[in-house]
Number of protein chains: 2
Amino acid sequence: MPVTLKDVAAAAGYSVTTTSRALGGYDDVNEQTRERIITVARELGYQPNMLARQLQAQRAETIGLVIPQAAHQPDDDFFSLLMKGISYVASQHQFDLLISSQLTPQDELRAYQRIAGGRRVDGVIVARTMHDDPRIAYLQRNNYPFVVSGRSAPDEPDDFPFVDADSESGIRQVVAHFIDYGHEHIGFISSPPELAYTPYRLAGYQHALADADLPYREDYVAHGDMQQESGQKAAADLLARHPQMTAIVASNDAMAIGAMAAVQAAGKQVGVDMALGGFDDIPLARHITPDLTTVRQPIYRIGELVAEMLIQIINGEPPEQTGILLEPKLIIRASSGQPLAI
Amino acid sequence: MPVTLKDVAAAAGYSVTTTSRALGGYDDVNEQTRERIITVARELGYQPNMLARQLQAQRAETIGLVIPQAAHQPDDDFFSLLMKGISYVASQHQFDLLISSQLTPQDELRAYQRIAGGRRVDGVIVARTMHDDPRIAYLQRNNYPFVVSGRSAPDEPDDFPFVDADSESGIRQVVAHFIDYGHEHIGFISSPPELAYTPYRLAGYQHALADADLPYREDYVAHGDMQQESGQKAAADLLARHPQMTAIVASNDAMAIGAMAAVQAAGKQVGVDMALGGFDDIPLARHITPDLTTVRQPIYRIGELVAEMLIQIINGEPPEQTGILLEPKLIIRASSGQPLAI
DNA sequence: TTAAGGCTCCGAAACGTTTCGGATTACACA
DNA sequence: TGTGTAATCCGAAACGTTTCGGAGCCTTAA
């Protein structure tokens, strides 16, 4: 039904080859012929079949991103922002973006195989890296172009291109800031152990304490799943067990906001009786009351950088540096409260 | 370099046809043969080339979405939410989502032509409809499957599948709510005239006034571009010109939040000296202080419905109803303030 | 007069699948 | 012995492009 090159060729009275070359701008076709062919093509409303073209060119001009189940909450900002950064850069390079949402981790790996192995995309972006991430193993093994938003865990090789914010430094900054304010009993709400950045963030907490000669107490660390509710539960738990605690740092903003609710539910006031800090600086952090002290991770920018690197790799221009570690910035807001009187 | 069906066939000692049929689960191949072929395919790490498959099947199992420049602000929630709804449903039906970000409206139309005309996707979703939208004209003319998130303007035909929230009813509800609270001088920050829903929202404002026998004053209407700053400017303008104004309704939440800033800058207090209402109920509306009275438009749900309809159409099952108009829900929050004393 | 070269054009192959329409073999049955 | 049938396999065409390698013709120069 759709009009093909063959139709245009027939209507114009030339071969398919010449028609293709005329439309393609080659100079071995007579100018009048070209004009005639272009006219006919336009009249017929010819649109080249991208699939056929890509198959022949062995190139899709497309990058892929697989979105995990976990990012499906309507209020998860991380992937939305990352995607905007990616798609903006992609569009500048005339690339499209293929999104494959998947509901289970197994589906996720299969999606990468289908998409990258099936040549639907020229390269993929891997986000939310896990410990021993099978996706990275697969992509490396098959030599498919990819860039990681995130990093591998400290005990793993990181011989692949990635862009990440420095988790260790980020958490260290918030904790140091609270120590600076005079806090000595600071709780930490950690992320799930399977996430690759978890050890870095925990190390940031530990190092900040060590720098100030404060003891690291394992019972000051609670665990959440990055969702708001888990932060609330973790904070409630910490408060109940350690009434002397005056500050809590969470591994991300969502959990910090959950913690806010827990603090208020315990009859304490955030920024007065209890200092609170997060990580990410999602848009909400600025708008909630009291607004949240956090560490700004430039997610949109990371998306841009990741896409930039991937397209370079696809184009056969390996980027100068394979691993980019961005320094996150401490943003002090009302949830810090005032320095404690001594 | 990648392993193809031909490689598997050669390694297994069968023809390409048999190999294809073995892998495809057809019953005219001997069970032992099938097992042998499957084993070989696995050993070689065979991944079918999706492009070739799609070309042959004349079907991409993919739906397309073009993201306009306007949605590129990191804090634009609308498209992020819509996309999550779409991609969730798409994944349930084993469809992928092709995103094409475009920077100018002309590029946008070209992107639809490339994507739909070029058979990269089986159907597309059109969002943020304009007056006399050329994308809809193009898609209709070429009989490409598509569903619109939004609606055509009141003076245009709407003989195509769409899902939209009832803009007229939504704005009417907020305005009526303020009238109910005793306000008589209510301003309106309208959306740009080229957007298809603008006349509906304006009509909602007018009808609510008429229902209460309040006069419609054209100078009570300001215009914005849906961005936060424009709402701030529009509100500042209204406040300066009409000191008697006690309430402002904006065409979307972003502009209402901008208006909040303007009201505060004018030394007035939102929810006390000035009632404020928006439209959308973006996540921020709930978290800002004071939290914003608005009309909830189920964007995520609209994305789901739109995708559901599109996939039905692609599968040749025309949906029972072509136009779905969702009733938005008034959400009363602190920015409404208290009913005025009479 | 002929060879060389430039200008236009085109047939066929290739990209990697799926599918249509047989072909071959073995076996049972008349 | 010949025929029908089921089981198993395969060649070739098709999807719509691009590209390789030439072919034909006309002009120019030796």
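In what follows, chains carry the letters A, B, and so on, assigned in the order in which the sequence lines appear, proteins first and then strands, with residues in each chain numbered from 1. Just so it is clear, the model here is predicted, and its values are computed rather than measured. No hydrogens, no waters, no symmetry mates; every other heavy atom, side chains included, goes into these values.
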Is A:R151 salt-bridged to A:D158, cutoff N-O under 4.0 Å?
no

Whether A:E108 and A:R110 form a salt bridge (side-chain N of Lys/Arg under 4.0 Å from carboxylate O of Asp/Glu) is what I want to check.
no

To the nearest angstrom, how far is [X] atom [atom1] from [N] atom [atom2]?
X: A:N49; N: C:dT17; atom1: CG; atom2: P; answer: 17 Å
X: B:R59; N: C:dT19; atom1: CZ; atom2: P; answer: 13 Å
X: A:R119; N: C:dG16; atom1: CZ; atom2: P; answer: 9 Å
X: B:Q54; N: D:dA14; atom1: CD; atom2: C1'; answer: 17 Å
X: B:L23; N: D:dC9; atom1: CG; atom2: P; answer: 14 Å
X: A:R34; N: C:dC9; atom1: CZ; atom2: P; answer: 10 Å
X: A:R114; N: C:dT17; atom1: CZ; atom2: P; answer: 15 Å
X: B:K6; N: C:dT17; atom1: NZ; atom2: C1'; answer: 12 Å

Looking across every strand, which nucleic acid part, if any, lies under 4.0 Å from A:T4 by heavy atom: base, sugar-phosphate, or nothing?
sugar-phosphate

Under 4.0 angstrom, heavy atoms only, what part of the nucleic acid is B:D28 near: base, sugar-phosphate, or nothing?
base

Any side-chain N or O of [X] less than 4.0 Å from the OP1 or OP2 oxygen of [N]?
X: A:T33; N: C:dC9; result: yes
X: A:N30; N: C:dT8; result: yes
X: B:R53; N: C:dT18; result: yes
X: B:T17; N: D:dC9; result: no
X: A:S15; N: C:dC10; result: yes
X: B:S20; N: C:dT18; result: yes
X: B:Y26; N: C:dT19; result: yes

Just checking, is any N or O donor in the side chain of B:T17 or B:S20 under 3.5 Å from an acceptor N or O on the other one?
no

Which angle, rounded to 10°, do you find between the first-five-pair axis and the last-five-pair axis of the helix from C:dT1-D:dA30 to C:dA30-D:dT1?
70°

Distance in Å, [X] [atom1] paired with [Y] [atom2], rounded so as to fall on 0.5 Å steps:
X: A:Q102; Y: A:R114; atom1: CD; atom2: CZ; answer: 6.0 Å
X: B:L51; Y: A:R53; atom1: CG; atom2: CZ; answer: 13.5 Å
X: A:T129; Y: A:E156; atom1: OG1; atom2: CD; answer: 8.5 Å

Return the 5'-most residue of the pair B:G13, B:A57 with respect to DNA chain D, ranking by each residue's nearest nucleotide.
B:G13

Nearest-nucleotide wise, let me know which of B:T19 and B:Q58 is further upstream toward the 5' end of DNA chain D.
B:T19

Taking only the side-chain heavy atoms of [X] (C-beta and beyond), determine which of [options] contains the nearest atom.
X: B:R21; options: D:dA14, C:dC10, C:dC20; result: C:dC20
X: B:Y14; options: C:dC9, D:dC9, C:dT17; result: D:dC9
X: A:Q56; options: D:dT17, D:dC10, C:dG16; result: D:dT17
X: B:L55; options: C:dT18, D:dC15, D:dT17; result: D:dC15
X: B:A52; options: D:dT17, C:dT8, C:dG16; result: C:dG16

Do side-chain atoms of B:D122 reach the backbone of B:I63 as a donor and acceptor pair under 3.5 angstrom?
no

Under a 3.5 Å distance rule, please check whether B:N315 uses its side chain to pair with a backbone N or O of B:E317 as donor and acceptor.
no

Other residues, nucleotides, ligands: >12 heavy atoms within 6.0 Å of B:Y88 OH
no

